Every structure is written in C-alpha cells, then in structure tokens.
Asks: 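Right, I'll just put the structure down here and ask away after.
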Amino acid sequence: MFGKGSRKLETIIGDGTRVVGQVSVKGTIRIDGIVEGDLHADWVVVGETGKVVGNIRSRGVVVGGSIEGNIEATETVELTGKASMTGEIRAPKLVVSEGAVFDGRSRMKGEAEPSEAQDGKVRTLIPAKGATGTN
C-alpha cells in the first residue's frame with residue numbers, strides 16, 4: 001500500500017480524538033479522529049471517520065474520510081469511495097474511486113504552464129481553415 005521504503009503505521013489519532021495545531025510525524029499516521037491544522041508526515045491515512053481541516057504535505061495520502069484543505073504529495077494521492085475532499089491536490093499520481101467527492105482542482109506536480117495560460121490568454125493549437133500558418 002505504501003510502496004518502497006515505507007514504514008509501519010506509527011501514529012494513530014483515534015475516533016473521538018481531536019488535535020488542534022500543526023502536526024509533524026516521522027513515518028505513517030492514521031487519522032480516525034479530527035485534526036485541525038497543517039499535517040506533515042511521510043504517509044497519511046485518513047480513515048472513514050477521520051477529518052482533516054488543514055493542509056497536508058506527504059509522500060502519499062490515502063483518504064477514506066474528509067479533508068478540507070490542500071494536499072501536496074511527492075508520490076500518490078488516493079481518494080477512496082467514501083472520501084470527501086475540498087481543496088487542491090498536487091501529486092504526480094491521483095486515484096479517485098467511484099463514489100468519492102472531490103471539489104477543487106488537481107495538478108500534476110512539476111507540470112509546466114505555458115506563459116500564455118498564466119496570462120489568461122488562449123493559444124490556438126490548430127490553425128483555423130484558410131490560415132497558412134505563416135506570419
């Protein structure tokens with residue numbers, strides 16, 4: 001589930017537990033309770049009863065519960081069938097299962113945007129009929 005060089009589950013925030021503030025964990029964290037604040041860990045698993053209100057930075061994230069914030073992952077993000085995500089996801093790999101709710105936008109990390117797109121201009125890739133393609 002966690003790929004090469006992963007560690008065992010090392011930190012658990014149980015159902016009924018609420019943590020407020022920035023959380024930093026070396027290794028893997030499973031959240032079945034509520035975390036209000038930014039979260040930094042090697043791997044993050046948000047269980048079906050779990051909720052994170054804040055931003056997550058990690059190698060990988062598996063969401064079964066709810067996230068209100070942004071996710072930045074260096075490897076993968078997976079939204080399972082009962083996941084609810086509001087915010088931006090930046091990761092090279094994104095899996096969204098049927099039934100997951102994702103309200104936001106996703107970007108492939110390292111994706112370069114053309115300067116025209118940053119300025120809000122549209123660039124035509126296919127010439128219109130009758131255009132010669134020369135200036």
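For the single chain, residues carry numbers from 1 onward in sequence order. Here the structure is a predicted model, which means the values were calculated and not measured.
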Asks: Under 3.5 Å, side chain of Thr49 to main-chain N/O of Asp32, donor-acceptor pair present?
Replies: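 Checked: pair present.
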Asks: Quick one: pull up CD1 in Ile56 and NE2 in His40 and give me the separation to the nearest 0.5 Å.
Replies: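 Those atoms lie 12.0 Å apart.
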Asks: Would you give the length of the straight line joining atom CD1 of Ile34 to atom CG of Asp15, rounded to the nearest 0.5 angstrom?
Replies: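 CG of Asp15 is found 8.5 Å from CD1 of Ile34.
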Asks: Who are the side chain to side chain donor-acceptor pair (under 3.5 Å) partners of Glu48, not counting sequence neighbours?
Replies: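 Checked Glu48 against side chain to side chain donor-acceptor pair (under 3.5 Å); zero matches.
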Asks: Hydrophobic cluster membership, with links at side-chain heavy-atom distances under 4.5 Å among I/L/V/M/F/W/Y: are Val96 and Val77 in one?
Replies: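 Per the 4.5 Å side-chain linkage, Val96 and Val77 are co-clustered.
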Asks: Drop me the distance from Ile29's CD1 to Glu10's CD, to the nearest 0.5 angstrom.
Replies: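 Answer rounded to 0.5 Å: 10.5 Å.
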Asks: Under a 4.5 Å cut-off applied to non-hydrogen side-chain atoms, are Val44 and Val52 in contact?
Replies: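 No. Closest side-chain heavy atoms not under 4.5 Å.
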Asks: List the atom of Pro92, the atom of Ala73, and the distance in Å for their closest heavy-atom pair.
Replies: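 Reported closest heavy-atom pair: CD-O, 3.4 Å.
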Asks: Please report the interatomic distance CD(Glu72) to CZ(Arg57), rounded to the nearest 0.5 Å.
Replies: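 It is 5.0 Å, given to the nearest 0.5 Å.
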Asks: State yes or no: do Ile13 and Val25 share one hydrophobic cluster built from I, L, V, M, F, W and Y residues joined by side-chain heavy-atom distances below 4.5 Å, directly or via other members?
Replies: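 Same cluster.
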Asks: Are Val19 and Val63 connected into the same hydrophobic cluster when the rule is that any two of I, L, V, M, F, W, Y join if their side-chain heavy atoms are below 4.5 Å apart?
Replies: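 Yes; tracing contacts between hydrophobic side chains, which count when under 4.5 Å, links both residues.
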Asks: Minimum heavy-atom separation for Phe102 to Leu79, with atom names?
Replies: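 The answer is CB-CD1, 4.0 Å.
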Asks: When you measure from the side chain of Ser58 to the backbone of Ala41, do you find a donor-acceptor pair of N or O atoms at a distance under 3.5 Å?
Replies: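 Indeed, once roles are kept as given, a pair shorter than 3.5 Å links the two residues.
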Asks: Tell me which one of Val101, Asp103, Ile71 satisfies side chain to side chain contact (heavy atoms under 4.5 Å, CB included) with Met85.
Replies: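 Going through the options one by one, the only one that passes is Ile71.
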Asks: First locate atom CZ of Arg59, then atom OG1 of Thr28, and finally report the distance between them rounded to the nearest 0.5 Å.
Replies: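 Spacing of CZ (Arg59) from OG1 (Thr28) equals 8.5 Å.
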Asks: Asp42 and Gly27: which non-hydrogen atoms are nearest, and at how many Å?
Replies: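 Looking at all heavy atoms of both residues, the closest pair is OD2-N, 2.8 Å.
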Asks: Could you list all the salt bridge (charged side-chain N to carboxylate O under 4.0 Å, His left out) pairs where at least one residue sits in residues 92-101, not counting sequence neighbours?
Replies: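 Counting only pairs at least two positions apart or across chains, no salt bridge (charged side-chain N to carboxylate O under 4.0 Å, His left out) contact touches residues 92-101.
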Asks: So, taking the atom named CD in Glu78 and the one named CG in Leu94, what distance separates them when rounded to the nearest 0.5 Å?
Replies: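 Separation between the atoms: 9.5 Å.
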Asks: Between Asp38 and Asn55, is there a donor-acceptor pair closer than 3.5 Å when you use the side chain of the first and the backbone of the second?
Replies: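 Present.
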